[in-house]
Amino acid sequence: MALYIYSIDEAVDRKYVVTKSMSGQAEAGTLVHIMDCSEKGDGSVSVSYRVTETGQNFNADFASLKAFCKWARPDNFIARHYENLSQKDIIYYIRVTGRSFVSFYLPILAVILAVIWVVAIAAIKGMFGIIVGVVLSVAAVVGIIFFYKYQKKRVSMEMYSKVGSNSWGVVIK
């Protein structure tokens, strides 16, 4: 799924899921339809959009195209099945699918590895402590990578299950 666009003109007449709330306009998890946009000489972007749920029209200015892409992202799955999902589900989906390994799981891995090595060197001394530290470090890395992939797949399957059970009466497991 492409989260960034190369020109603001690519956003016209497309639906985007808002990832960050804008006070008095669109809340995170709502679907917006981009009706018009323009890029100014200084690189800032002006966007006219309609909130799909309420039908209200708004204008928003962003400092750059990158700022617009952080505010909203294209998501065909959410756009197609928006009425079958709750806003809480959409926000959770955005949060989990927006995570990257480096920004979310790498700090967790660093803490786990630090704890492993402190315990391996302080509590279990000598060569056996180093061997235990290496084995547990490899297991932690494999476990974190597995959990990263599993969590994204699980959230997607839960969303498909909700859409499937609401639309066709079929539950995907």
Side-chain angles (χ1 to χ4, degrees), residues 1-6 10-11 13-23 25-34 47 49-55 58 60 62 64-120 131-173:
M1 176 179 357
L3 297 179
Y4 293 107
I5 53 179
Y6 298 106
E10 295 176 24
D13 205 24
R14 293 181 67 196
K15 292 188 177 182
Y16 283 77
V17 178
V18 175
T19 58
K20 294 184 180 182
S21 296
M22 189 177 287
S23 63
Q25 293 187 11
E27 294 182 21
T30 58
L31 194 65
V32 295
H33 181 92
I34 307 299
V47 177
Y49 66 93
R50 173 175 289 151
V51 178
T52 305
E53 194 172 292
T54 63
F58 295 103
F62 299 96
S64 65
L65 185 60
K66 187 175 181 178
F68 169 75
C69 290
K70 283 186 179 184
W71 174 72
R73 72 177 193 188
D75 196 313
N76 291 332
F77 174 75
I78 299 294
R80 276 190 221 117
H81 304 290
Y82 185 75
E83 56 277 344
N84 293 331
L85 303 169
S86 70
Q87 191 168 3
K88 181 181 174 185
D89 292 334
I90 294 171
I91 291 172
Y92 182 67
Y93 172 79
I94 290 168
R95 191 173 40 152
V96 171
T97 58
R99 290 178 183 165
S100 71
F101 187 83
V102 173
S103 69
F104 188 76
Y105 293 98
L106 196 59
I108 294 171
L109 182 62
V111 169
I112 291 172
L113 290 176
V115 169
I116 287 172
W117 282 103
V118 165
V119 169
I131 292 171
V132 168
V134 168
V135 169
L136 290 178
S137 295
V138 170
V141 168
V142 169
I144 290 289
I145 291 171
F146 172 77
F147 186 70
Y148 170 69
K149 291 180 178 181
Y150 169 76
Q151 189 177 30
K152 286 196 175 204
K153 183 178 179 180
R154 182 181 56 95
V155 167
S156 295
M157 289 305 290
E158 284 177 7
M159 296 293 276
Y160 281 115
S161 176
K162 287 182 182 193
V163 168
S165 65
N166 290 341
S167 299
W168 309 299
V170 176
V171 177
I172 301 171
K173 291 207 178 201

Within residues 134-143 or reaching into it, pairs that qualify as side chain to side chain donor-acceptor pair (under 3.5 Å) - sequence neighbours excluded: Trp117-Ser137
side-chain hydrogen bond (donor to acceptor under 3.5 Å, both in side chains) involving Ser23 - partner list, sequence neighbours excluded: none
Thr30 (side chain) donor-acceptor with Val18 (main chain) under 3.5 angstrom: no
Side-chain touch Val32/Gln25, heavy atoms, less than 4.5 angstrom: no
Distance, nearest 0.5 Å, that separates CZ of Phe104 from CZ of Arg95: 8.0 Å
Pairing residues for Tyr16 by the ring pair (Phe, Tyr, Trp, His ring centres under 6.0 Å) criterion, not counting sequence neighbours: Phe68
Any residue meeting ring pair (Phe, Tyr, Trp, His ring centres under 6.0 Å) with Phe58, in chain and number order, not counting sequence neighbours: Tyr49
Side chain to side chain contact (heavy atoms under 4.5 Å, CB included) partners of Val118, counting only residues at least two apart: none
Separation of Thr52 OG1 from His33 NE2 (nearest 0.5 Å): 8.0 Å
Contacts of type side chain to side chain contact (heavy atoms under 4.5 Å, CB included), residue Ala79, not counting sequence neighbours: Lys15, Leu31
Contact summary for Ala28 and Gln87, nearest pair of heavy atoms: O-NE2, 2.7 Å
Those residues that, when tested against Glu158, pass side chain to side chain contact (heavy atoms under 4.5 Å, CB included) (two or more places apart): Arg154
Where Ala26 and Val51 come nearest, the two heavy atoms and their spacing: CB-CG2, 4.3 Å
Met159 CE to Ile90 CD1 distance, which is reported to the nearest 0.5 Å: 6.0 Å
Partners passing side chain to side chain contact (heavy atoms under 4.5 Å, CB included) against Ser86 (at least two apart in sequence or in another chain): Lys88, Asp89
Which atom of Ala140 lies closest to which atom of Ile112, heavy atoms considered: CB-CG2, 3.8 Å
Any side-chain heavy-atom pair of Arg73 and Ile94 under 4.5 Å: yes
Partner set under side-chain hydrogen bond (donor to acceptor under 3.5 Å, both in side chains) for Tyr82, not counting sequence neighbours: Glu53
Aromatic ring pairing Phe147/Tyr150, orientation class (parallel under 30°, perpendicular over 60°, tilted between): tilted
Side-chain heavy-atom pair Tyr93, Val17 within 4.5 angstrom cut-off: no
For Phe101, all residues meeting ring pair (Phe, Tyr, Trp, His ring centres under 6.0 Å), sequence neighbours excluded: Tyr148
Non-hydrogen atoms of Glu83 and Arg80 that approach each other most closely: OE2-O, 3.5 Å
Summary of salt bridge (Lys or Arg N to Asp or Glu O under 4.0 Å) pairs that have at least one residue in residues 143-153, sequence neighbours excluded: none
